[in-house]
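Just so it is clear, the values below take in all heavy atoms, side chains as well, and ignore hydrogens, waters and symmetry mates.
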Amino acid sequence: MQEIRVLMVDNHESFRKTTAEYLRRQEGIRQVREASNGAEALELLSRESFEVLITDLVMPQMDGYTLLENMTQLRLSPTPKIIVASALARDDFVLRAIERGASFFLVKPYEPQHLLNHVRQAIGAPHLPGAMLAPAADPRRIQSLDERLGSLFLTIGIPAHIKGYQYLRQAVKMVVERPDLMSRITKELYPGIAKHFGTSASKVERAIRHAIEVAWNRGRIETLNSAFGCRVCTPEDKPTNGEFIAMLADKLSMERSA
């Protein structure tokens, strides 16, 4: 049996380490390296060879989609087989992963044995025509607020590596818990985010505005309207920071109360 070198990319440390340790104990697994985000993974890929890459989608600094896109610039030979493992199981997320080279798509939570089977299958088959969903996920599972935010940001095209991603994420979470903050954006919301990240309120405001501009420049307006279930935006009518935060917070609050 071919000895397999694996790179596992996931920002949830306990889950990553537990799964990686399971793989290390299995026959045929030569090495399992770990990375907590796409940027760390790219650094490892530039220095070491791997037969299989396992990656989550929602991660800080660099998300899974950006990792897969940037991998092509490394011109790796051989190119690792790609397994995407994520709680984001919508058809469009799966399709985007396949388009970026994924051979398999596993839905979290999954049993480690399912992952091992896919690792071995990826190496044993010269060509895998499409992704396969592992049957381990419970369809009744409710996404956490963080997972839902990550899903929305990926959908509308806000990349995880820009500062505005984290600031906007924190802003929406704060407003979901305290809707009254929308009337005190400059006096409480921005300063609260700035204190959390050790920066200034003005930098928070600029970074969030930049994140919204990135989404608009990527042409994801129709995707955004689809996510909200109505036509809330047009290319010519970019929302302010406050309007954008309020839209996201209202949507997530309604989903939580449903």
query: Can you check side-chain contact (heavy atoms from CB on, under 4.5 Å) on L23 and I54, steps first, answer last?
result: CA-CA 12 Å; L23 291 175; I54 304 163; 4.0 Å; yes
query: What is the distance from atom NE2 of H114 to atom CD of Q121, rounded to the nearest 0.5 Å?
result: 12.5 Å
- prompt: Less than 6.0 Å separating the ring centroids of F15 and Y110?
  reply: yes
message: For the backbone of S14 and the side chain of T18, can you confirm whether one donor and one acceptor N or O come within less than 3.5 Å of each other?
response: yes
task: Begin with the C-alpha distance, continue with both residues' side-chain angles, and end with the deciding distance and a verdict on side-chain hydrogen bond (donor to acceptor under 3.5 Å, both in side chains) for Y167 and E205.
output: CA-CA 9 Å; Y167 299 163; E205 188 275 333; over 6 Å; no
query: Is the closest side-chain heavy-atom distance between Q26 and R120 below 4.5 Å?
result: yes
task: With rounding to the nearest 0.5 Å, note down the distance linking CG in L68 to CD in E99.
output: 11.5 Å
message: If I take atom CG from residue L106 and atom CD1 from residue I83, how far apart are they, to the nearest 0.5 angstrom?
response: 6.5 Å
field: Distance, nearest 0.5 Å, that separates CD of E21 from CD of E34
entry: 8.5 Å
field: Beyond-backbone contact of T19 with L115, side-chain heavy atoms, under 4.5 angstrom
entry: yes
- prompt: Are L74 and V9 joined in one hydrophobic group, where the rule is that I, L, V, M, F, W and Y side chains link up if heavy atoms are under 4.5 Å apart?
  reply: yes
statement: Scanning both residues in full, the closest heavy-atom pair of I193 with A171 reads CD1-CB, 3.5 Å
message: Go through it in stages, so that I can follow the logic: the residues are V32 and L7, the test is side-chain contact (heavy atoms from CB on, under 4.5 Å), and I'd like the CA-CA distance, side-chain angles, deciding distance and then a yes or no.
response: CA-CA 6 Å; V32 181; L7 174 57; over 6 Å; no
Under 3.5 Å, which donor-acceptor pairs do the side chains of residues 37-50 form with other protein atoms, sequence neighbours left out?
| unit_1 | atom_1 | unit_2 | atom_2 | d |
| --- | --- | --- | --- | --- |
| N37 | OD1 | A39 | N | 3.0 |
| N37 | OD1 | E40 | N | 2.9 |
| E40 | OE1 | S36 | N | 2.9 |
| E40 | OE1 | S36 | OG | 3.0 |
| E40 | OE2 | S36 | OG | 2.9 |
| E43 | OE2 | R47 | NE | 3.1 |
| S46 | OG | E43 | O | 2.6 |
| E48 | OE1 | R33 | NE | 3.2 |
| E48 | OE2 | R33 | NE | 3.2 |
| E48 | OE2 | R33 | NH2 | 2.7 |

- request: Applying side-chain contact (heavy atoms from CB on, under 4.5 Å), run through F244 and L248 and close with a yes or a no.
  value: CA-CA 6 Å; F244 196 71; L248 290 172; 3.6 Å; yes
task: Measure the shortest side-chain to side-chain distance between H12 and D56 over non-hydrogen atoms and say whether it is less than 4.5 angstrom.
output: yes
- prompt: Between CG of N11 and CE of M62, what distance do you get to the nearest 0.5 Å?
  reply: 14.0 Å
query: Can you name the closest pair of heavy atoms from G64 and M59 and give their distance?
result: N-CE, 3.6 Å
query: Would a 4.5 Å heavy-atom cut-off, applied to side chains only, mark F197 and V204 as touching?
result: no
query: For the residue pair L76 and T79, what are the closest heavy atoms and their distance?
result: O-OG1, 3.2 Å
- prompt: In terms of side-chain geometry, is the basic nitrogen of K108 or D10 positioned less than 4.0 Å from the acidic oxygen of its partner?
  reply: yes
message: side-chain hydrogen bond (donor to acceptor under 3.5 Å, both in side chains) for Y190 and N241? Distances and angles first, verdict last.
response: CA-CA 11 Å; Y190 289 160; N241 287 10; 3.1 Å; yes
query: Less than 4.5 Å apart, any side-chain heavy atom of I158 and any of L168?
result: yes
query: Looking at A97 and F105, what are the two nearest heavy atoms and their distance?
result: CB-CD1, 3.9 Å
query: So do the side chains of V119 and I29 get within less than 4.5 Å of each other, counting heavy atoms only?
result: yes
message: For a 4.5 angstrom cut-off between non-hydrogen side-chain atoms, does M182 reach E243?
response: no
task: Check the pair E51 / R30 against salt bridge (charged side-chain N to carboxylate O under 4.0 Å, His left out), numbers first and verdict last.
output: CA-CA 10 Å; E51 281 73 42; R30 174 180 173 185; over 6 Å; no
statement: Of all heavy-atom pairs linking A102 and V84, the shortest is CB-CG2, 3.8 Å
- prompt: Going by heavy atoms in the side chains, are I245 and L189 under 4.5 Å from each other?
  reply: yes
message: Could you check whether any side-chain N or O of R100 sits under 3.5 Å from a backbone N or O of E69, counting only pairs where one atom can act as donor and the other as acceptor?
response: no
- prompt: Would Q113 and N117 satisfy side-chain hydrogen bond (donor to acceptor under 3.5 Å, both in side chains), going step by step from the backbone distance to the final call?
  reply: CA-CA 6 Å; Q113 180 64 43; N117 290 341; 2.8 Å; yes
Worked verdict on E188 versus M174 for side-chain contact (heavy atoms from CB on, under 4.5 Å): CA-CA 10 Å; E188 289 192 39; M174 290 172 68; over 6 Å; no
message: With rounding to the nearest 0.5 angstrom, report the CZ to CD1 distance, R5 to I123.
response: 9.5 Å
- line: For I82 and M71, the nearest pair of non-hydrogen atoms, with its separation, is CD1-CE, 4.3 Å
